[in-house]
Amino acid sequence: MQTGKASWLRLRTPVLWLALLAAMGTLSLYASPYTVIMVTNILMYVILTVSWVLFSAPTGYISLATAAFFGVGIYTSATLGGQLPLPLIILTAGVASFVLAALVGALTLRLKGVYFAFFTFGLVELIKHLLLWYEVSVTGVRGRFVVSADNVTIYYIILGILVILLLTSYLIRRSRVGLALQAIGEGEDAAAHTGINVSAVKTFVFALSAVFAGAAGAAMATRWGYVDPYIAFDYLFSFTAVAMAVFGGLGRFEGPILGAVVFAFLRELLITRFPYVYMLVMGSVLVVTILYLPQGLVQLAQKSTWRRLRGHREPA
Amino acid sequence: MKAKRLTRREFLGVTAATGAGLALAGCKPSVPATEAPAATQAAPTKAAAPTAAPPTKDKIVVGMSRPLTGALVAIGDSAFGPISKAFVEEVNAAGGIEVAEYGKKLPIETIIYDDTSDVGTMTRLTEKLILEDKVDFLWPACGTSFIYAQAPLAEKYGYLLITAEGGASTIREMLPSMPHVFVTLSFSDWYQLPVFAELVAKAGAKTAFVTYIADLHGIEYSGSAGIEFPKNGIDIVGLRSLPPDMTDFSEVIRAAQATNPDVFCLFGYPGQIMPTVGTCMGLGFNPKAWLGGPGVNFGFFHTAFGPAVEGIMGFDGYSPKQSPALKELADKLYTGKPEDIQDWWGHPFYWAGLQIWKQAIEKAGSLDQEAIRNIVATEHFETVLGDTWFDKGLLAKECHMAEIGQWQNGVFEVVGPVEHATAEVVYPKPDWPTG
Amino acid sequence: MSLLEVEGITKNFGGLAAVSHVDLRVDEGEVVGLIGPNGAGKTTLFNLLSGALKPSSGAIRFRDENITGLKPHQICHKGLARTFQSVKVFGGMTASQNVLAGAIFGDRGQMSPKQAGKEAARLLEFVGLSAVAAAPARDLTLANQKRLEVARALATKPNLLLIDELMAGLNPTEVAQAMDLVAAIRKQGTTVLIIEHVMKAIMSICDRILVLHHGEKIAEGTPQEIATSRTVVEVYLGE
Amino acid sequence: METFLGVVIGGLLIGGLYALIAMGLSLQYGVARVLNVSHGEFIMLGALTTWSLYTAFHINPLLSLAVCGPAAFALGYVLHRTVYRRILATSPSPGVFESNSLLASFGLLFVIQNVALIAWGANTRGYSYLAVPVSLFGVLFGANQLLTLGCALVVGVAFYVFLARTRVGKAIRAAAQDSTSAALMGVNINSVLALCFGFGAALAAIAGMLISMCYPVTPVMGIPYTIIAMIVVVLGGLGSIPGSFLGGLVLGLIGSLVTYIEPSLTLVAYYLIFALLLLVKPTGIMGR
């Protein structure tokens with residue numbers, strides 16, 4: 001019995017993930033068309049959050065550049081839409097974000113702590129205003145139409161990006177790079193003297209994380225129809241990614257995913273059911289969560305809920 | 001170590017459970033899955049679909065995705081927001097809209113979602129309204145960019161869309177490919193700027209300094225000015241684009257002042273117009289004509305600046321002096337309410353748009369989008385604007401009661417075009433009040 | 001045979017020379033001590049040698065190769081490892097992960113994860129931390145954290161190990177253990193350059209001692225010579 | 001030449017305001033380590049309160065200082081005592097505190113903005129107060145803008161003197177240097193942090209009051225001001241009050257010059273300078 005239980009425990013994690021993947025992978029077969037759209041949006045936030053976590057959680061560098069990479073993706077889609085097939089556009093967007101992030105990373109990753117946060121925030125705004133200036137003064141257009149794509153296709157593309165992202169982060173966590181990243185987070189000097197090429201590792205992972213935000217931007221833009229620099233480079237995406245990750249809990253792999261899902265779903269619920277107090281409720285939830293669950297929502301799962309459940313199970 | 005692992009596994013269970021729960025929650029409000037795809041395809045004619053069963057319906061559900069929070073909330077809340085509210089109240093007080101197919105009056109029920117001033121959210125919520133709530137009609141989102149994003153969706157699902165806030169000349173080229181979209185509000189080139197240019201040119205204006213916000217609206221209006229002003233013999237002596245998010249334009253005004261223009265234009269929003277008026281006063285810059293908008297046309301502009309608004313010109317839609325119907329509208333909307341909520345530009349257009357919508361439903365005798373669309377596209381309607389119709393998707397030029405207004409003695413008078421004017425243009429505008 | 005040769009190395013901060021024209025030579029198999037009053041520039045010298053700081057002038061040759069101006073990780077790969085005066089263990093990682101990081105990243109010869117794990121276990125055993133291998137590094141005692149740093153540095157397979165104050169703040173028993181550890185390191189073939197304040201210890205474990213004062217080398221010699229040097233005694237007593 | 005003088009002085013006028021909004025944020029970040037993204041919401045509260053008092057009761061905007069300042073101070077103080085202090089207590093490391101408190105202030109931003117939307121409605125508000133020209137060195141300026149700069153200077157200098165001379169001020173500075181040793185010196189660190197947060201909020205509200213005299217006010221006006229404050233704080237050096245003041249003036253000047261030449265590049269210039277400074281000297285112009 002003991003061994004049976006143990007092998008089930010070992011298998012439970014992959015089985016549950018596979019079940020979830022199967023459920024997600026067939027969503028368009030059983031869910032309503034709008035559910036697919038809504039879940040696409042939630043998954044988009046999961047991508048932004050997990051890609052943020054990929055770099056920022058282990059290193060402790062708070063990046064507010066998510067919106068910049070997302071925006072690069074959106075604009076790639078807006079400028080190349082119709083000229084290239086969608087998968088190529090998404091790939092291009094990922095590469096463009098990678099290049100931008102690599103450049104930014106090489107330049108700025110020596111900035112410590114909050115300075116890096118400030119710089120990346122400024123980056124979003126700088127790109128936005130430069131692009132706006134360029135569009136107004138050079139091309140003479142401010143907004144661009146984005147060639148739209150089928151909702152179900154976009155859903156599967158977003159799901160695909162997310163699956164690749166989750167696999168990437170899982171593999172990175174278990175790889176040499178993951179160990180290096182963790183060491184860097186614990187102490188950069190010591191990491192460097194232990195033989196880790198600190199700037200190369202940081203720049204690489206930062207750029208890698210940007211690929212996913214960029215790809216997601218390119219895919220989502222097709223759902224938006226019309227974009228301009230203000231719509232595409234909205235710093236709220238950066239802050240939201242951080243908020244979702246902290247809300248869910250940075251301590252665990254699943255925390256940010258949970259945070260993004262609950263946050264995005266709650267937001268959807270509030271703007272449709274209680275639109276006039278959406279911000280009030282959302283804000284209160286964030287404040288209360290961080291006050292009572294300083295490790296994020298995951299704390300809820302590990303502490304009270306499970307202890308209580310176990311308490312009920314054991315006597316039986 | 002071991003204990004940690006256990007909790008982690010358990011936690012994964014929670015994650016998966018949450019995911020499953022979400023999938024369920026997502027499905028809950030929708031009809032059984034098999035029916036859903038059919039409904040999508042049938043969307044254009046879905047109102048007619050129930051003919052198989054005896055038609056029963058006790059309300060007309062109208063859906064809107066509006067900015068209730070975020071940067072656009074001020075515009076949404078002062079422009080189409082109050083109009084839609086007042087219109088629904090009035091119609092429902094009279095029992096609703098007569099729909100022959102159901103043999104009775106159906107009251108309007110509105111579903112309003114908050115798009116948080118975000119285009120992505122707006123398009124998603126628009127699809128929610130159409131696909132999940134299966135609203136009978138879609139009312140417009142707020143802002144030109146938003147219209148541009150929403151119109152293709154309305155077209156895709158075959159929903160009639162009569163727009164409110166926003167519009168630009170570029171939409172004219174798109175309208176032939178979007179037969180379900182109708183634009184009510186006036187924009188730069190057919191309407192306002194030719195009228196304004198002619199008006200001030202006649203009064204003697206020779207030079208103009210043009211500033212505009214760096215967005216669709218600003219680019220469009222400055223472009224039109226670039227055509228219309230020279231056509232009327234007015235030289236553009238300065239052209240500046242202003243980035244959104246800026247509040248202080250002192251140096252732009254100083255630059256304008258240095259060229260000593262007859263006309264000063266600011267094609268921006270209240271966020272730019274209001275501080276700029278203050279700056280002009282503070283710097284003693286008093287051009288002979290001062291045109292700004294949208295913003296000048298709102299009641300709150302007058303409340304904010306009091307007598308200082310005298311002579312300032314803006315975009316206009318009507319004056320209660322023009323007809324009994326318009327007076328009735330103004331009384332209905334504004335009497336007993338703070339002056340802040342007045343909008344002398346857009347309100348009559350939005351109201352007329354809703355009137356056309358109601359009359360088209362009554363004429364069609366059903367809620368069939370196609371039938372109603374055909375009526376909207378081809379027929380004439382009696383609205384607050386008088387005889388009203390759409391011409392190639394745009395509210396016909398002939399239906400416009402006003403283009404340019406000017407604050408005179410605390411009232412936003414129509415000064416252009418001359419045939420609709422309620423007062424003669426004051427040029428040059430009076431000095432800013434002192435003290 | 002000389003392992004490390006430093007010529008006229010100088011580091012200026014603003015107008016102040018923290019290290020000034022220091023010559024230094026360490027031969028293979030030696031244990032060399034570096035002493036001096038607080039602020040003498042000992043740790044700065046370590047930072048220069050390990051690449052944390054770039055020298056204002058002077059040259060560093062390590063194993064007949066000029067390593068001046070190389071980055072810390074490159075110097076580590078050349079076979080020069082170090083520990084820190086104020087401990088810098090990876091606090092949130094376990095003791096064995098700390099050493100593993102050293103084994104994986106410090107070794108030029110691309111160790112397989114399995115080998116690295118074995119090597120880490122061996123080194124933890126070597127410094128006497130096997131019992132706390134699974135504990136987060138931040139929960140270890142100061143003495144153990146210092147030992148952990150030594151193990152992490154050794155995991156990078158250095159030819160030369162720079163140890164910065166292994167014994168500060170330790171009780172007499174721990175000091176004795178630390179001295180044994182240094183002896184063991186030398187025995188396994190690693191050359192050691194060590195900064196230490198505990199005089200008794202340094203005198204007994206070092207082959208040679210250098211004395212820094214105000215950034216300059218004021219004396220060099222066997223423990224015996226240093227203990228009897230007038231200049232050194234003056235510096236220490238004059239404090 | 002006259003124009004140039006006008007542009008320069010105009011830059012200082014707006015710069016004074018920037019300085020004021022940045023000082024509050026600098027205090028909150030420099031001492032309490034809270035990157036308070038809801039800073040602009042306190043500006044908004046100050047501005048809307050002043051507008052209400054002026055339009056409803058014709059109370060001189062400057063007098064509303066007596067209401068806004070203390071009220072905002074109390075609000076900020078209480079917020080720290082309840083929210084941030086608890087987060088501080090539950091955060092295992094400064095890094096965690098920084099991200100958790102960032103999330104909390106993000107939440108507060110939402111709450112405050114929504115409450116203001118409900119209380120005041122969404123309309124753009126404004127009033128004209130002292131919008132009359134005053135001649136200075138032969139160049140005209142708005143009297144309200146000059147008044148704004150004057151107030152910003154007075155408040156800034158008064159606050160600096162307070163920090164430099166009074167016991168509480170010294171405690172705050174000690175805490176800014178090093179909270180642990182300040183605690184050892186007998187400073188009650190928690191109340192100092194709460195005081196800083198309160199002062200930061202009060203400075204924001206005062207800035208809001210001044211802003212309302214020249215610029216439109218809405219419940220959603222806060223975020224752009226928060227962003228300006230962030231830029232200035234970085235320019236001046238995190239946690240340096242004189243730095244914030246200088247940074248504000250510098251940014252105002254740059255903005256003014258660029259706006260005069262090509263306004264569409266003003267914000268580009270802001271962020272370019274911001275980014276370059278971070279790359280070249282991240283500790284800011286007055287940074288250590």
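Heavy-atom basis, side chains included; hydrogens, waters and symmetry copies ignored. Remember, predicted model here, so these are calculated numbers, not experimental data. Letters A, B, ... mirror the listed sequences (proteins, then strands); counts begin at 1.
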Does the side chain of P275(B) come within less than 4.5 Å of C214(D)'s, by heavy atoms?
no
Once rounded to the nearest 0.5 Å, what's the spacing between atom OG1 of T279(B) and atom CZ of F141(D)?
12.5 Å
When the 4.5 angstrom heavy-atom criterion is applied to S250(B) and chain D, the contacting part is side chain
I need the T266(D) OG1 to E251(B) CD distance, nearest 0.5 Å.
9.5 Å
Go through the atoms of P244(B) and report whether side chain, backbone, both or neither lie under 4.5 Å from a heavy atom of chain D.
backbone
Straight-line distance of L17(D) CG to D248(B) CG, nearest 0.5 Å
9.0 Å
I'd like to check L117(D) versus V73(B) (side-chain heavy atoms, cut-off strictly below 4.5 Å). Are they in contact?
yes
Relative to chain D, which of S241(B), G70(B), A71(B), A74(B) shows the most heavy atom pairs under 4.5 Å?
S241(B)
Minimum-distance pair of heavy atoms, taken over all atoms of A258(B) and Y260(D)
CB-OH, 4.2 Å
Could you grab the distance from atom CZ of F298(B) to atom OG1 of T124(D), nearest 0.5 Å is fine?
8.0 Å
Against chain D, label F300(B) side chain, backbone, both or neither, depending on which of its atoms sit under 4.5 Å from a heavy atom there.
side chain
Identify the heavy atoms of P243(B) and L267(D) that sit nearest to each other, and give their distance.
CB-CD1, 3.7 Å
Of the backbone (N, CA, C, O) and the side chain (C-beta and beyond), which part of Y225(D) lies under 4.5 Å from a heavy atom of chain B, both, or neither?
side chain
Which answer fits I261(D), side chain, backbone, both or neither, if we ask what part of it has an atom under 4.5 Å from a heavy atom of chain B?
backbone
Just give me the residue among P216(D), G142(D), G10(D) that pairs up with chain B most often, heavy atom to heavy atom, under 4.5 Å.
P216(D)
Ranked by heavy-atom pairs below 4.5 Å to chain B, first place among N123(D), I211(D), V258(D) goes to N123(D)
Note: vs chain D, highest number of non-hydrogen pairs under 4.5 angstrom among M274(B), M246(B), R254(B), R240(B) is R254(B)
The interface call for L68(B) against chain D, heavy-atom contacts under 4.5 Å, is backbone
R125(D) vs D340(B) side-chain heavy atoms within contact, under 4.5 Å:
yes
